[in-house]
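To keep things clear, I will list the structure first and then write my remarks on it.
First the proteins, then the strands, lettered A, B, ... as listed; each starts at 1.
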There are 2 protein chains.
Amino acid sequence: MTTPELYNQIQLKKSFLCIGLDVDLNKIPKHLLTLEDPIFEFNKAIIDATHDLTVSYKPNTAFYEAYGIKGWMSLQKTINYINSTHPDIFTIADAKRGDIGNTSSMYAKAFFEDLNFDSVTVAPYMGKDSVEPFLAFENKHTIMLALTSNEGAFDFQTLNVDGKELYKQVLETSKSWKNSENLMYVVGATKAEYFTEIRKIVPDSFLLVPGVGAQGGSLSEVCKYGMNANVGLLINSSRAIIYASNGIDFAEKARKEALKMQQEMEGILK
Amino acid sequence: MTTPELYNQIQLKKSFLCIGLDVDLNKIPKHLLTLEDPIFEFNKAIIDATHDLTVSYKPNTAFYEAYGIKGWMSLQKTINYINSTHPDIFTIADAKRGDIGNTSSMYAKAFFEDLNFDSVTVAPYMGKDSVEPFLAFENKHTIMLALTSNEGAFDFQTLNVDGKELYKQVLETSKSWKNSENLMYVVGATKAEYFTEIRKIVPDSFLLVPGVGAQGGSLSEVCKYGMNANVGLLINSSRAIIYASNGIDFAEKARKEALKMQQEMEGILK
């Protein structure tokens with residue numbers, strides 16, 4: 001999917017919501033646990049109930065890997081289900097990968113070719129040659145960590161590097177990499193006041209924004225400082241939507257939460 | 001495995017070699033490709049041929065993920081084979097993971113519990129709460145990126161942070177984390193002169209050292225500056241050993257290369 005196509009979907013659905021599929025067997029409704037693949041069945045129900053309200057789904061790979069081969073099968077079935085039933089959805093493998101060049105190429109192959117995701121999240125610590133192998137894929141997007149929503153973000157990301165915070169240096173340096181037009185960035189909603197500075201460095205890029213809701217970030221604040229002419233934001237919500245209920249009505253309640261977010265977004269888009 | 005047990009293995013085998021199992025179907029001998037699981041068969045042959053010369057195996061997860069579920073099955077069979085036939089081998093999942101706390105817990109579960117590796121590599125960018133969930137596992141080790149062996153290491157890792165390179169800040173900060181005694185660090189061999197400084201910060205920690213051989217690092221230089229009283233080094237070699245030949249004799253030739261490394265190490269240990 002190209003970014004104009006993503007923008008088009010945002011306009012059509014009046015939503016820039018991304019739903020995080022972080023599926024934990026301890027948190028999903030008990031009645032699903034007797035099924036052959038509870039994780040996939042949970043995702044399928046969530047997708048069926050919310051696909052018209054969201055432009056993106058983001059499975060977090062950790063939650064699948066934790067269940068070994070069965071988990072990886074659930075991930076594959078989930079992405080195949082999204083791609084076959086709703087090809088207009090922008091899919092994100094939240095995998096935080098990154099390694100030396102030939103290894104990053106293998107990760108890119110895993111997520112862009114084998115699983116056919118539209119995008120994957122990567123970590124910047126190993127620099128240019130750990131990210132460029134992802135950027136080489138046409139019409140695929142590489143979403144690099146810039147400023148994350150957790151406490152540990154202040155351990156290194158905000159350290160002063162020659163008069164400038166490290167995450168700003170990461171943003172600036174990445175703009176010089178080959179095919180950098182395929183970059184998007186992770187910026188946590190819990191630090192809304194940082195968006196003004198970030199937009200000075202990457203005015204046109206899409207930002208994937210976790211941390212609204214459960215982690216305390218405010219949607220209106222993020223939009224006030226982070227939105228650009230093409231919206232340029234994907235606001236992620238995971239737990240607040242997918243675990244809105246752990247009863248038989250979980251999908252219905254997830255829809256209700258997603259609708260609340262979509263309506264707030266529709267208001268902002270006006 | 002505990003670090004004294006690892007040190008004991010080093011003494012017994014007169015080796016601090018780690019063999020990287022970065023298995024690429026395009027590089028392994030053609031005659032294996034007709035088998036049901038060529039990746040596992042390749043690994044099994046390499047393990048059978050080298051287990052007395054090495055104290056550690058390090059499958060790089062990217063090379064397995066690139067083949068989807070089949071690849072993940074090869075990874076599981078490989079770690080099960082090592083654990084069942086050679087329980088004294090220290091196993092490393094080279095996965096470079098790291099995410100917010102509850103997600104890192106799932107990754108830790110994947111590698112320490114589901115796959116039963118002794119250790120996993122992690123990236124530091126997201127800070128304390130992205131690494132501590134790994135450190136919480138008893139007798140398991142978390143190998144954090146400090147200074148890597150690739151060109152991109154100079155993009156961010158060596159930037160000056162308040163008068164000190166970022167990788168030094170990463171090393172120092174990590175020492176204050178809970179269960180930091182379970183930390184080891186990745187330090188690339190291509191930067192041997194940096195080991196003196198690194199040993200001032202983490203004198204007692206084990207360092208996993210990639211980049212000897214194929215990437216140009218020198219074993220004797222690394223040992224000169226990086227070795228401590230308990231050796232404290234695991235020297236990784238991947239391609240130079242496992243791809244020594246791509247003919248029928250690949251395992252035999254891999255053993256020959258591993259033996260060369262082990263003998264050089266035995267000389268240094270004297």
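B/Asp99 and B/Ser104 form no side-chain donor-acceptor contact under 3.5 Å, judged by distance and modelled atom types alone. Side chains of B/Thr91 and B/Asp118: a donor-acceptor N/O pair is present below 3.5 angstrom, by distance only. Side-chain contact, A/Lys140 with A/Asn116: a donor N or O sits under 3.5 Å from an acceptor N or O.
Contact check on A/Glu65 versus B/Lys109 returns no salt bridge, with no Lys/Arg side-chain nitrogen under 4.0 Å from an Asp/Glu carboxylate oxygen. Ion pairing of B/Glu41 with B/Lys44 is absent here, as no side-chain N (NZ or NE/NH1/NH2) approaches a carboxylate O to less than 4.0 Å. A salt bridge is defined here as a Lys NZ or Arg NE, NH1 or NH2 lying under 4.0 Å from an Asp or Glu carboxylate O, and B/Lys168 with B/Glu165 meets this definition. Taking a cutoff of 4.0 Å between a charged side-chain nitrogen and a carboxylate oxygen, B/Glu151 and A/Lys128 do not qualify as a salt bridge. Salt-bridge formation is not detected for the pair B/Lys77/B/Glu36: no Lys NZ or Arg NE/NH1/NH2 atom is positioned less than 4.0 Å from an Asp or Glu carboxylate oxygen.
At a 4.5 Å heavy-atom cutoff, the contact between A/Asp162 and chain B is made by backbone and side-chain atoms alike. Only the side chain of B/Phe111 comes within contact range of chain A, judged by heavy atoms closer than 4.5 Å. The parts of B/Gln169 that come within reach of chain A are both its backbone and its side chain, each placing non-hydrogen atoms under 4.5 angstrom from that chain. Looking at B/Asn160, the atoms closer than 4.5 Å to chain A (heavy atoms on both sides) sit in the backbone and in the side chain alike.
For a heavy-atom cut-off of 4.5 Å, chain B lies close to no residue in residues 180-188 of chain A.
Between chain A and the options B/Leu75, B/Asp94, B/Thr103, the largest number of non-hydrogen pairs under 4.5 Å is found for B/Thr103. Across B/Gly163, B/Pro124, B/Ala153, the residue that shares the most heavy-atom pairs under 4.5 angstrom with chain A is B/Pro124. Between chain A and the options B/Asp22, B/Leu115, B/Thr61, the largest number of non-hydrogen pairs under 4.5 Å is found for B/Thr61. Listed options B/Thr173, B/Thr148, B/Val170 were ranked by heavy-atom pairs under 4.5 angstrom with chain A; first place goes to B/Val170.
The line from OG1 of A/Thr121 to CZ of A/Phe134 is 9.0 Å long, rounded to the nearest 0.5 Å.
For the side-chain contact (heavy atoms from CB on, under 4.5 Å) test with A/Leu21, the passing option among A/Ile46, A/Ile241, A/Ile92 is A/Ile46; the others fail.
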